[in-house]
Undergrad: 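Handing you this structure, nothing more for now.
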Amino acid sequence: MTDDKEVDDWEHAAEKLDVGTVTATVVAGRTSTQMTELQDKLESLYRITAEEGKQRRIEFALVNMKIVTKAWVFGYGTETQFDAVPESVTERLLLQFRKGEGFDVTKYFAYDNLTGRPDHSNGTTAHEKFRSKLVDKLWLLLGHKPTTKTYPDGRTLVFYN
């Protein structure tokens, strides 16, 4: 009898499982759609929060940029014909970031205050030295390292992703 009871219980369990599986499949179908909607809403919320955080960091950088860029002089132009550029370029760059755009740094270069010429020390070009220093200063201000991209036409842009 025990064996018969166990068989009856297993048959009964199998019937419940079949019914449960059908029910679970129907519920899962509905839940799957709901989960997709929830995932889409969470991803949207994440994007909005990330963008708001990015904008707050840019605002902080605009307010505090003079602390980080104090006495930083660099050049603009070609290496034979150039002008020393004031710190306001950092502000223009941050305003471009605020709009979600990159900033063209192709003609900017490191400037040696002592010689009044482009800075080619340490075996790097003055342009590379400028980009490196700019990225480091922006990293300090924004808490996130900007990226640079050089295009086939020779332009180099800095982006805040």
Side-chain angles (χ1 to χ4, degrees), residues 13-78 82-111 118-161:
E15 289 173 12
K16 283 186 180 178
L17 180 61
D18 288 340
V19 171
T21 305
V22 171
T23 305
T25 303
V26 172
V27 171
R30 290 184 186 152
T31 304
S32 177
T33 303
Q34 291 169 345
M35 290 301 288
T36 302
E37 289 173 4
L38 179 62
Q39 183 177 1
D40 291 345
K41 288 178 183 179
L42 286 173
E43 287 172 0
S44 176
L45 182 61
Y46 174 78
R47 282 191 301 275
I48 290 168
T49 304
E51 183 61 30
E52 286 175 352
K54 182 178 167 182
Q55 291 299 325
R56 277 194 309 273
R57 287 188 296 278
I58 291 170
E59 291 301 320
F60 172 86
L62 283 164
V63 170
N64 295 290
M65 70 181 178
K66 295 211 185 297
I67 296 168
V68 174
T69 60
K70 187 177 180 179
W72 184 36
V73 180
F74 46 89
Y76 177 83
T78 64
F82 59 88
D83 295 312
V85 179
E87 298 166 358
S88 66
V89 75
T90 309
E91 184 176 14
R92 289 197 326 257
L93 179 144
L94 290 168
L95 292 173
Q96 287 292 108
F97 285 177
R98 184 193 273 173
K99 293 190 294 185
E101 299 173 356
F103 187 79
D104 190 347
V105 294
T106 307
K107 292 190 175 186
Y108 292 93
F109 56 87
Y111 183 85
D119 184 356
H120 293 288
S121 62
N122 299 329
T124 59
T125 70
H127 293 286
E128 290 169 343
K129 195 169 202 162
F130 169 79
R131 286 191 295 270
S132 175
K133 192 168 187 176
L134 176 68
V135 166
D136 288 346
K137 287 183 178 295
L138 290 171
W139 194 357
L140 278 172
L141 281 168
L142 299 168
H144 180 80
K145 189 174 184 176
T147 57
T148 59
K149 182 173 181 182
T150 302
Y151 291 90
D153 64 2
R155 292 178 307 126
T156 300
L157 275 71
V158 178
F159 294 94
Y160 180 47
N161 301 329

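Throughout, residue positions are numbered sequentially from 1 according to the sequence presented.
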Undergrad: What distance do L141 atom CG and L94 atom CG have between them, rounded to the nearest 0.5 Å?
TA: 6.5 Å
Undergrad: I want to check something: taking the side chain as every heavy atom from C-beta on, are L62 and R98 in contact at a cut-off of under 4.5 Å?
TA: yes
Undergrad: For a 4.5 angstrom cut-off between non-hydrogen side-chain atoms, does L134 reach T148?
TA: no
Undergrad: Mind checking whether Y108 and F130 have parallel, tilted or perpendicular rings, split at 30° and 60°?
TA: parallel
Undergrad: Which one of V135, D136, N161 satisfies the side chain to side chain contact (heavy atoms under 4.5 Å, CB included) criterion with P146?
TA: V135
Undergrad: Please step through side chain to side chain contact (heavy atoms under 4.5 Å, CB included) for the pair H127 and R131, ending with a clear verdict.
TA: CA-CA 6 Å; H127 293 286; R131 286 191 295 270; 3.7 Å; yes
Undergrad: Working to the nearest 0.5 angstrom, can you tell me the gap between I58 CD1 and K99 NZ?
TA: 12.0 Å
Undergrad: Could you list the residues that satisfy salt bridge (Lys or Arg N to Asp or Glu O under 4.0 Å) with E51, not counting sequence neighbours?
TA: none
Undergrad: Keeping T156 on the side-chain end and T106 on the backbone end, is there a donor-acceptor pair under 3.5 Å?
TA: no
Undergrad: With heavy-atom distances below 4.5 Å as the criterion, would you say the side chains of R56 and E59 are in contact?
TA: no
Undergrad: If you measure from CG on L93 to CE on M65, what distance do you get to the nearest 0.5 Å?
TA: 10.0 Å
Undergrad: Quick one: closest heavy-atom pair of V158 and F97, and the distance?
TA: O-CE2, 3.3 Å
Undergrad: To the nearest 0.5 Å, tell me how far L142 CG sits from R57 CZ.
TA: 7.5 Å
Undergrad: Side-chain polar contacts of residues 38-47 - donor-acceptor pairs under 3.5 angstrom, sequence neighbours left out - could you list them?
TA:
unit_1, atom_1, unit_2, atom_2, d
Q39, NE2, E43, OE2, 3.2

Undergrad: Closest approach of Y160 and K54, non-hydrogen atoms and distance?
TA: O-NZ, 2.9 Å
Undergrad: Can you confirm whether more than 12 heavy atoms, excluding those of F159, are under 6.0 Å from its CZ atom?
TA: yes
